[in-house]
Q: 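This is the structure I want to talk about, given as structure tokens.
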2 protein chains.
Amino acid sequence: MTSHDSTFLVRKLDSIFSISEGEETALRKLPVQVAEIRGRQDIVGAGERPSRCFFIKDGIACSYKITGTGDREILNFHVPGDMPDLQSLHLDVLDFSICTITPCVIGFIQHDALNRLCERHPRITSAFWRETLIDASVFRGWIVNARREAYSAMAHLLCELVVRLRAVGLADASSCELRITQSELSDALGISTVHANRVLQELRAAGLIALKERTLSVLDWKGLTSAGDFDPTYLHLRDGSPAR
Amino acid sequence: MTSHDSTFLVRKLDSIFSISEGEETALRKLPVQVAEIRGRQDIVGAGERPSRCFFIKDGIACSYKITGTGDREILNFHVPGDMPDLQSLHLDVLDFSICTITPCVIGFIQHDALNRLCERHPRITSAFWRETLIDASVFRGWIVNARREAYSAMAHLLCELVVRLRAVGLADASSCELRITQSELSDALGISTVHANRVLQELRAAGLIALKERTLSVLDWKGLTSAGDFDPTYLHLRDGSPAR
DNA sequence: CGTACGCTTGACTCGTGTCAAAGCCAGTGG
DNA sequence: CCACTGGCTTTGACACGAGTCAAGCGTACG
């Protein structure tokens, strides 16, 4: 089903710079193909040459690679508003895969529509470019995080998730719905699920978080950021305000 | 000293797409400020708000972050032709630092000159954007590499360095000058220098590499790529041809 | 009501860090 | 020309974080 529902995109870009009337009109004219996708389902796979990009309207997704040993390495989580494969606009072959974690609502946009949009609206080009640069910055954050020990790395990851969910209005001051399994968290940190479990228990025992019934509550934000050595600069958020 | 020596940029972009006459003229008009910088010297630091970008004309540099525990985490190495902080064109505050490893020759270009260039030449915008997307892809490669065990990760890193140096003509079929210390390699892999040393010896003992007098020789390319689970797709090279 | 998936726990193994010391090499200055 | 110095590499002994294997438990859903 094709519609023109790019309200999400408009809102997203409007949070980056103030959109002109002409730009908003052009954005709303974009043909968007909306699809609902079950949980744990590939959206695009490594090696493909996509002819379209997509943005997440609802749900949580992740980028991942499979190594030679068959392990899944999660490279990033994606929250509503993200455009995880925007890079395919200029890199023809995808070097990683993207799959849903929870059931998702996805909006697809053809490359040529985006390219035409960019040709006519340089400020939109800049905004999209900026999006991909922030992705790169998050990857840098994850490289560093991969070298922390597991307790600290887990704290850092949880901080990032809360801040990013808050940025799109999906977390309140201290808690959010987190439908990510321990096995997925462990794939994101490069540790075993057994160890992920132990580390989460340590974080609970330290009184930093509570995690039950798919809800993460941060009981001690200061303590959690300090345990995770978390500095939100790398997320390049607009207002720079992390969760409290 | 300001000159117009952007031959390097022209060559680089020409390897990505065929440059028109108008584009080449515009590139050659770019004011470039050339500087020689000693080894182990910061070029730009985290937290700065650069008003210019730079490209490396000669030498090896690296991007890094300092963690809360004071460790230096190297995020990427940079070879001649690279523009390590191109992102500062759209992200105002730098979230990492860039320093030289060997003595370097650097060409600085003001942001406003680059912005004017991009406004007039959309294809050059795309080429620059593409550069930053490849950086992001390399970061993804490093996230995965951080999860390999040290022996494999070191093999992977050496493969990447050889391939990237070959791509700019700084390595022949099987060997290259590698003026990177074991301590720098260990910071790039997130392991101790002691362990980096042991792992290099294992690679030598396995007959995969020779490393002496600042020269890396790959004795068994197939064996090295297999040890490192190396697939050059993520480097998004033009001809796709890795070292043999 | 059963079955599957996710979470939890314990015991043992192994990769890697840390500490400490020694060797090596190149550049510097007497 | 040679001794001195500092940075880089190498080696050994020991400690610890994290993986693996294996089993049990809880709970959501068909």
Side-chain angles (χ1 to χ4, degrees), chain A residues 38-41 60 67 69-74 101-103 145-158 177-206 209-216 227-228, chain B residues 38-41 60 67 69-74 99-103 145-158 177-206 209-216 227-228:
Chain A
R38 278 174 299 149
R40 288 130 205 268
Q41 208 75 25
I60 304 287
T67 65
T69 56
D71 297 320
R72 175 178 71 162
E73 306 293 344
I74 292 184
I101 289 183
T102 69
N145 205 32
R147 294 172 189 169
R148 296 192 174 97
E149 52 185 55
Y151 177 82
S152 184
M154 181 68 82
H156 192 279
L157 176 57
L158 295 179
E177 192 191 14
L178 196 69
R179 296 183 52 182
I180 300 179
T181 66
Q182 292 186 4
S183 157
E184 285 153 352
L185 290 173
S186 70
D187 282 349
L189 295 175
I191 63 179
S192 65
T193 61
V194 172
H195 202 54
N197 178 276
R198 289 197 247 259
V199 156
L200 282 171
Q201 287 179 62
E202 282 181 61
L203 288 169
R204 282 190 274 232
I209 62 166
L211 185 57
K212 55 183 169 189
E213 287 159 16
R214 293 170 171 170
T215 300
L216 168 68
Chain B
R38 279 173 298 150
R40 287 133 207 267
Q41 209 74 25
I60 304 286
T67 64
T69 55
D71 296 321
R72 177 178 69 162
E73 307 294 344
I74 293 183
C99 70
T100 59
I101 289 184
T102 69
N145 206 31
R147 299 182 184 161
R148 297 190 174 98
E149 55 184 55
Y151 176 81
S152 184
M154 180 68 82
H156 192 278
L157 176 57
L158 294 179
E177 193 191 12
L178 196 69
R179 296 184 52 183
I180 300 179
T181 65
Q182 292 186 4
S183 156
E184 284 152 353
L185 290 173
S186 69
D187 282 349
L189 295 175
I191 62 179
S192 66
T193 62
V194 172
H195 202 55
N197 179 277
R198 288 197 246 261
V199 156
L200 282 171
Q201 287 178 61
E202 282 181 61
L203 288 169
R204 281 190 275 233
I209 62 165
L211 184 55
K212 54 182 168 190
E213 287 159 16
R214 293 170 171 167
T215 300
L216 168 68

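When reading the values below, keep in mind they use all heavy atoms of this one structure, side chains included, and skip hydrogens, waters and symmetry mates.
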Q: Taking only residues two or more places apart in sequence or in another chain, which ones pass side-chain contact (heavy atoms from CB on, under 4.5 Å) with B:R214?
A: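 Once residues adjacent in sequence are excluded, the partners of B:R214 under the side-chain contact (heavy atoms from CB on, under 4.5 Å) criterion are B:R179.
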
Q: Mind checking what makes side-chain contact (heavy atoms from CB on, under 4.5 Å) contact with A:S152, not counting sequence neighbours?
A: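 Testing A:S152 for side-chain contact (heavy atoms from CB on, under 4.5 Å), a comparison that skips the adjacent residues, returns A:R148.
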
Q: Restricting to pairs with a member in residues 180-195 of chain B, which pass salt bridge (charged side-chain N to carboxylate O under 4.0 Å, His left out), not counting sequence neighbours?
A: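 Every salt bridge (charged side-chain N to carboxylate O under 4.0 Å, His left out) pair that includes a residue of residues 180-195 of chain B, provided the two are not neighbours, is B:R40-B:E184, B:R72-B:D187.
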
Q: With a non-hydrogen cut-off below 4.0 angstrom, is A:R40 in contact with a base, only sugar-phosphate, or nothing?
A: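 Touches sugar-phosphate only.
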
Q: Under the side-chain hydrogen bond (donor to acceptor under 3.5 Å, both in side chains) test, which residues partner A:E177, sequence neighbours left out?
A: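 Result, side-chain hydrogen bond (donor to acceptor under 3.5 Å, both in side chains) vs A:E177: none returned.
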
Q: Could you tell me, to 10°, how much the axis swings from one end of the helix from C:dC1-D:dG30 to C:dG30-D:dC1 to the other, five pairs per end?
A: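 That helix has its two terminal axes inclined by roughly 40°.
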
Q: Nearest-Å distance, CZ (B:R214) to C1' (D:dC8)?
A: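 Atom CZ in B:R214 sits about 11 Å away from atom C1' in D:dC8.
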
Q: Check side-chain hydrogen bond (donor to acceptor under 3.5 Å, both in side chains) between A:T67 and all other residues, then give those that pass, not counting sequence neighbours.
A: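 Listed in chain order: A:T69.
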
Q: From A:T215 OG1 over to A:L178 CG, what is the distance, rounded to the nearest 0.5 angstrom?
A: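 It comes to 8.5 Å.
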
Q: Please enumerate all residues that pass side-chain contact (heavy atoms from CB on, under 4.5 Å) together with B:E149, with sequence neighbours excluded.
A: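 B:E149 satisfies side-chain contact (heavy atoms from CB on, under 4.5 Å) with no other residue.
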
Q: If you look at every strand shown and take non-hydrogen atoms under 4.0 Å, does B:S183 touch a base, only sugar-phosphate, or nothing?
A: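 If one applies the 4.0 Å heavy-atom cut-off, B:S183 turns out to touch the sugar-phosphate alone, with no base involved.
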
Q: Which residues pass the side-chain contact (heavy atoms from CB on, under 4.5 Å) test with A:A227, sequence neighbours left out?
A: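 Counting only residues at least two positions away or on another chain, A:A227 forms a side-chain contact (heavy atoms from CB on, under 4.5 Å) with A:Y151, A:A155, A:L208.
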
Q: How would nucleotides 11-18 of chain D be written as a contact map, 5' to 3', with B for base contact, S for sugar-phosphate-only contact and - for no contact, using protein heavy atoms under 4.0 Å?
A: BBB----S

Q: Only pairs at least two apart or in different chains count here, so list each salt bridge (charged side-chain N to carboxylate O under 4.0 Å, His left out) that has a residue in residues 189-204 of chain B.
A: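 Not a single pair qualifies under salt bridge (charged side-chain N to carboxylate O under 4.0 Å, His left out).
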
Q: Can you pull every protein N or O that's under 3.5 Å from an N or O on nucleotides 24-27 of chain D?
A:
none

Q: D:dT9 C1' sits how many Å from B:L203 CG, rounded?
A: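 Value for this atom pair: 16 Å.
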
Q: What's the spacing between B:I101 CD1 and B:I180 CD1 if we round to 0.5 Å?
A: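 Between B:I101 CD1 and B:I180 CD1, I get 5.0 Å after rounding to 0.5 Å.
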
Q: Can you name the nearest heavy-atom pair linking B:S183 to B:T193, along with the distance?
A: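 B:S183 and B:T193 have their closest heavy atoms at CA-CG2, 3.5 Å.
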
Q: Given A:L158 and A:L200, is the side chain to side chain contact (heavy atoms under 4.5 Å, CB included) satisfied, shown in steps?
A: CA-CA 10 Å; A:L158 295 179; A:L200 282 171; 4.3 Å; yes

Q: Using heavy atoms to find the nearest nucleotide of DNA chain D for B:Q182 and A:E213 separately, return the residue whose nucleotide is more 5′.
A: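 It is B:Q182, whose closest nucleotide lies nearer the 5' terminus.
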
Q: Looking at every strand, decide which applies to B:R204 at a 4.0 Å heavy-atom threshold: base, sugar-phosphate, or nothing.
A: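 If one applies the 4.0 Å heavy-atom cut-off, B:R204 turns out to touch the sugar-phosphate alone, with no base involved.
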
Q: Considering only heavy atoms of chain B and a distance under 4.0 Å, specify the first and last nucleotide of DNA chain C in 5' to 3' order that meet this criterion.
A: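 Result: C:dT16 to C:dC19.
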
Q: What is the distance from atom CG of B:N197 to atom CG of B:L185, rounded to the nearest 0.5 Å?
A: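 If I round to the nearest 0.5 Å, the distance is 11.0 Å.
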
